[in-house]
Amino acid sequence: MQFLPLILLVVVFYFLLIRPQMKRNKEHRNMIASLSVGDEVVTGGGVAGRISNLGEHFVSVEIAEGVVTKVQKQSIASVLPKGTLKES
């Protein structure tokens, strides 16, 4: 009976902290796996661009016409809907 509060605390931590974080990680892994050339993405640093080349660990992102930067796949924060980035 003395361990009941400790067990209850572990269960609460699991459902409020651990489980949602595991779900976000799984969604991020699925998003990274589904990247393709031409997708419009935002990096963790806030740089938006279009994927021009995919590698195993790195992605080339064109952030302006003729300006290509290479970032790690894991640093891609989100994929934008097509047509979000307008060409100037």
Side-chain angles (χ1 to χ4, degrees):
M1 203 55 144
Q2 294 176 1
F3 292 112
L4 186 62
L6 182 62
I7 292 171
L8 183 63
L9 187 65
V10 169
V11 169
V12 168
F13 269 112
Y14 176 76
F15 282 106
L16 292 179
L17 296 175
I18 298 170
R19 191 166 178 239
Q21 182 64 35
M22 288 174 25
K23 184 178 177 183
R24 278 192 296 272
N25 286 343
K26 183 178 179 182
E27 289 171 354
H28 188 257
R29 281 193 310 268
N30 290 339
M31 184 216 25
I32 295 297
S34 68
L35 289 176
S36 63
V37 174
D39 283 348
E40 296 173 355
V41 296
V42 175
T43 66
V47 177
R50 188 171 285 112
I51 295 177
S52 62
N53 190 8
L54 279 170
E56 187 175 337
H57 299 288
F58 292 93
V59 176
S60 295
V61 179
E62 184 176 10
I63 56 177
E65 191 172 327
V67 180
V68 178
T69 183
K70 190 176 269 194
V71 297
Q72 288 183 333
K73 275 188 173 182
Q74 295 300 319
S75 71
I76 303 293
S78 64
V79 177
L80 300 172
K82 295 282 185 189
T84 300
L85 300 175
K86 295 182 180 179
E87 301 209 13
S88 318

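Below, each value reflects all heavy atoms present in this structure, side chains not excepted, and no hydrogens, waters or symmetry copies. Only a predicted model underlies this, so the values are computations on that prediction, with no experimental measurement involved.
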Exercise. Roughly how far, to the nearest 0.5 Å, is CG of L54 from CG of L35?
Worked result: 6.5 Å
Problem set entry | Partners meeting side chain to side chain contact (heavy atoms under 4.5 Å, CB included) with I18 (sequence neighbours left out) | Y14, M22
Exercise. side-chain hydrogen bond (donor to acceptor under 3.5 Å, both in side chains) with K23: which residues, sequence neighbours excluded?
Worked result: none
For this session: State plainly whether one hydrophobic cluster holds both V67 and L85, where clusters connect Ile, Leu, Val, Met, Phe, Trp and Tyr through side-chain heavy atoms under 4.5 angstrom apart.
Result: no
Exercise. Considering residues at least two apart in sequence or located in another chain, which fulfil the side-chain hydrogen bond (donor to acceptor under 3.5 Å, both in side chains) criterion with S36?
Worked result: D39
Exercise. Can you tell me how far CD of Q2 sits from CD1 of I7, rounded to the nearest 0.5 angstrom?
Worked result: 11.5 Å
Problem set entry | Set of side chain to side chain contact (heavy atoms under 4.5 Å, CB included) partners for S60, sequence neighbours left out | S52, N53, V68, K70
Problem set entry | Linked, directly or transitively: M31 and V42 (ILVMFWY side chains, under 4.5 Å) | no
For this session: Mind checking side-chain hydrogen bond (donor to acceptor under 3.5 Å, both in side chains) for Q21 and listing every partner two or more places apart, or none if nothing turns up?
Result: R24, N25
Residues 73-81, side-chain donor-acceptor partners within the protein, below 3.5 Å, at least two apart:
from, atom 1, to, atom 2, distance (Å)
K73, NZ, G55, O, 3.2
S75, OG, Q72, O, 2.7

Exercise. How long is the span from the OG1 atom in T69 to the CZ atom in F58, to the nearest 0.5 Å?
Worked result: 11.0 Å
Problem set entry | Non-hydrogen atoms of A64 and E62 that approach each other most closely | O-CG, 3.1 Å
Exercise. Should L4 and V10 be regarded as members of a common hydrophobic cluster, given that ILVMFWY residues are connected when their side-chain heavy atoms come within less than 4.5 Å of each other, either directly or indirectly?
Worked result: no
